[in-house]
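In the text below, chain A, chain B and the rest are named by the order of the sequence lines, each starting its count at 1.
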Amino acid sequence: MKSSCFTRASLSSILQPVFPPRSNPGRPVFCSTAVRPKPRTPLYLRPPAFRATFSELQKWHIWAKNKATSVGPTFSDLDNGPDSALLHRELNWLVEDAVENPNLIRACLDDTAPVWLRACLEELYEVWRQRIEERRPFQYVVGCEHWRDLIVSVEEGVLIPRPETEVIVDLVDDALKRNEELRNGGVWADLGTGSGALAIGIARVLGGRVIATDLSPVAVAVASYNVQRYDLQDKIAVREGSWFDPLKDVEGELSGLVSNPPYIPSKDIDGLQAEVCKHEPRLALDGGANGMNDLLRLCNGAASMLRPGGFFAFETNGETQSKILVDYMDAKMKGSFCNTMIMSDFAGIQRFVTGYRT
Amino acid sequence: MDLGQETAAVVEASTSDGLTVEGIIANNWIIYDENESDWKSHAAAIAQSIHLIKKRLRWKKLIPRLEILSEQLNKPDLWDDPTHAGKISREHGSIMSKMKEVNGFEQELFEHIDMIKLAREENDSELELVGPHFSLSRHESLKALHTLRSNIKEKELEALLAGEQDSCSCFIEVQAGAGGTESMDWASMVMQMYKSWAERRGFGITVVDEMPGELAGIKRATIKVDGEYAFGYAKAEVGAHRLVRISPFDSNKRRHTSFASVAVIPILGDGSTRVQINESDLRIERYRSGGAGGQSVNTTDSAVRITHIPTGVTASCQNERSQHQNKASAMAVLQSRLDQLEMERQAKINAEHTVSLTDINFGSQIRSYVLHPYRMVKDHRTEYEVSDPDSVLEGDLDGFILSFLSASLDKNKDDYL
Ligand SMILES: C[S@@+](CC[C@H](N)C(=O)[O-])C[C@H]1O[C@@H](n2cnc3c(N)ncnc32)[C@H](O)[C@@H]1O
């Protein structure tokens, strides 16, 4: 099963991350000079360069379906993981991404009819085995996540953007609609950008520019790649560094600030579903003892980074953290912020804290 | 506005010796096969088609409707409300063009009859000298009648789909009736039947929502069917569909009766007046979300359900790959549902102008599919039946659909004039 198709170097379509012109003024101030990891091209964007016969593909498909069925409720009972129904849906999506003409799989073709794939059959066997046996997240398997109307490239080392976070873009959009001053452009920041999903999402509703930062070099590379895929190099600069460090040049000038920082209490992480705790980067999840280390830090930073009237939106772990954060702002940082509000996600969990710099 | 055309629609046309469409039909001329060169046979067939088309278009109601619309179009403040004005002028235009077309057919018919009669009285060669207007020979008139006869046959079909929303795309929704796995399996067979039907017709199909049953089949599902006249055809399927068979889920091999109900919702074009939805009237929920959500959970399941609080109407979607897109799809379904409710309400208000079939009772049983002890599919509304259930379940539905559409439009005993 280990065949040459795993030497990814053969995938000529891998794109080198390109630094946005504006964030690379000749001397990379905040960017580490180390060689950037090369982001992986999502499966659906790879060329359909692998040939298989219809019956080989069918055989794989039946094998994969049986594997999904065999899971039953095991994972969901164990740690809230995916059940068979969900795995079957993911399998459909894998076919959608991997097969040049996905409708073929339901057709009645000749056994020997050729079908074209974006990964060789051995790889398809291997990745589906990883999905089921190792609980490798589906999004890492296909190299992308559908998020809002975007298809964001992701890979190991970068948090898979969550559906809850989609709402932050709506919150920004609403704030812009209500507040004329915000519509006049200015620079925004997305701190801990990960895949860059949020930065891209808000750049598309904003008039102005966005600076996206992350401490992780993999995240910086993947975010840059996504920015480039959506042709937003002129609007979004991706910078490497810890929280506000790479933003010294815009201190007190930010029109807006969004962040989904790590917020899970350290001790909770090992109890999460295997897809998360075994595969996603700890740096993206671990928020310290009560999960609030980074949120509080961002809160302090926001006071000095935002211009008066500047808007912020933070994602939290839920009701408890949201309340602590709002209390902290209203009491400990009295006078710094106004109109602080807690907003719920679609599941009704009090997920976001928004407000304005006074 | 060209009033001349409108009055032309009201004045009854005839041949120069006073023969009308009604008159031709009353003559009871024998209708032979199309290939027989008999002008009376052609004329009788054409007259019948014209009669049928007028009936299907509800001719009698079109004329007063046109008057109302013209009156509104003449109001100076009409364009203060551009959406309304657009709707009025579109409807006016569409009625005008339908009437013009039918009147054109009538005129053509009479002209050819006149020609043929004239040619019989006089000599063909003489006739050709009279001038360009009378230059058609009797033979050519006969040929023209023959062509008209086959053209108008196609128009009969088109007239079946002349309702206001008929040309729209639509959602088809199938819901399993009571009875557990057996009816959920039936519901998925019905859904499959529509998917195959839509595929055959060349319509685009997207699954919007699908709630699988615990063991097999579906509790409910919604598909979007994209294409011209998707709604016009599919609306004929609204109602309860009944299956009789030996259930594969019954170890005792007993005969079971199950039901699945079908709803069809038109997707109005952008030009139509649509119900305004207030964001604040909506409750949006993510269902089957895993506990804490956020960073703690990585699930590809981002199903969304939207409830329109004032009406209680809900819509959900779980088949897209992002929550945002699930929400957008669910919103589209919700919008169409609310639009449909509004249309039903309007239709009740001006009951005399119901060209659509919105008065169908969703619960009423429209068709039986019997697989045991004999094999047959029978429509209870039209008595149309087929002895091969497999072909029907594979999407061969057009016979049922067309017979229902013609029955429901043609049964009208009261005449069109
Ligand atoms: C929960 S993830 C959010 C990623 C992305 N914004 C999203 O919503 O999908 C948190 C991100 O913060 C980054 N991060 C953690 N510590 C950081 C720090 N000290 N400075 C900057 N970024 C940090 C992680 O690398 C990770 O990408």
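With a 6.0 Å radius and a threshold of 12 heavy atoms from other residues, nucleotides or ligands, A/Glu133 has its CD atom above the threshold.
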**Request:** For A/Ser322 and A/Gln350, run side-chain hydrogen bond (donor to acceptor under 3.5 Å, both in side chains): C-alpha distance rounded to whole Å, both residues' side-chain angles, the deciding distance at 0.1 Å, then the answer.
**Result:** CA-CA 7 Å; A/Ser322 290; A/Gln350 302 192 343; 5.9 Å; no
**Request:** Go through the steps to decide whether B/His241 and B/Tyr369 satisfy the test side-chain hydrogen bond (donor to acceptor under 3.5 Å, both in side chains), and finish with yes or no.
**Result:** CA-CA 8 Å; B/His241 296 242; B/Tyr369 306 68; 2.9 Å; yes
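Counting heavy-atom pairs under 4.5 Å between each of A/Asp268, A/Asn317, A/Asn260, A/Leu159 and chain B puts A/Asn260 at the top. Put simply, of A/Pro163, A/Ser76, A/Gly81, the one with the most heavy-atom pairs under 4.5 Å next to chain B is A/Pro163. Contact count versus chain B (heavy atoms, under 4.5 Å) is highest, among A/Glu145, A/Glu275, A/Glu280, A/Glu90, for A/Glu90. For the options A/Pro82, A/Pro261, A/Pro161, heavy-atom pairs under 4.5 Å to chain B are most numerous at A/Pro261.
Contact annotation for A/Ile160: only side-chain heavy atoms (C-beta onward) come within less than 4.5 Å of a heavy atom of chain B. Looking at A/Trp147, the atoms closer than 4.5 Å to chain B (heavy atoms on both sides) all sit in the backbone: N, CA, C or O. In this structure, chain B has heavy atoms under 4.5 Å from both the backbone and the side chain of A/Arg148.
Taking 4.5 Å as the limit, some side-chain heavy atom of B/Val207 sits within range of a side-chain heavy atom of B/Lys195. Contact of the B/Thr222 side chain with the B/Met191 side chain is not registered, since no non-hydrogen atoms from C-beta on lie closer than 4.5 Å. B/Met189 is not listed as a side-chain neighbour of B/Ile218, based on a closest heavy-atom distance of 4.5 Å or more.
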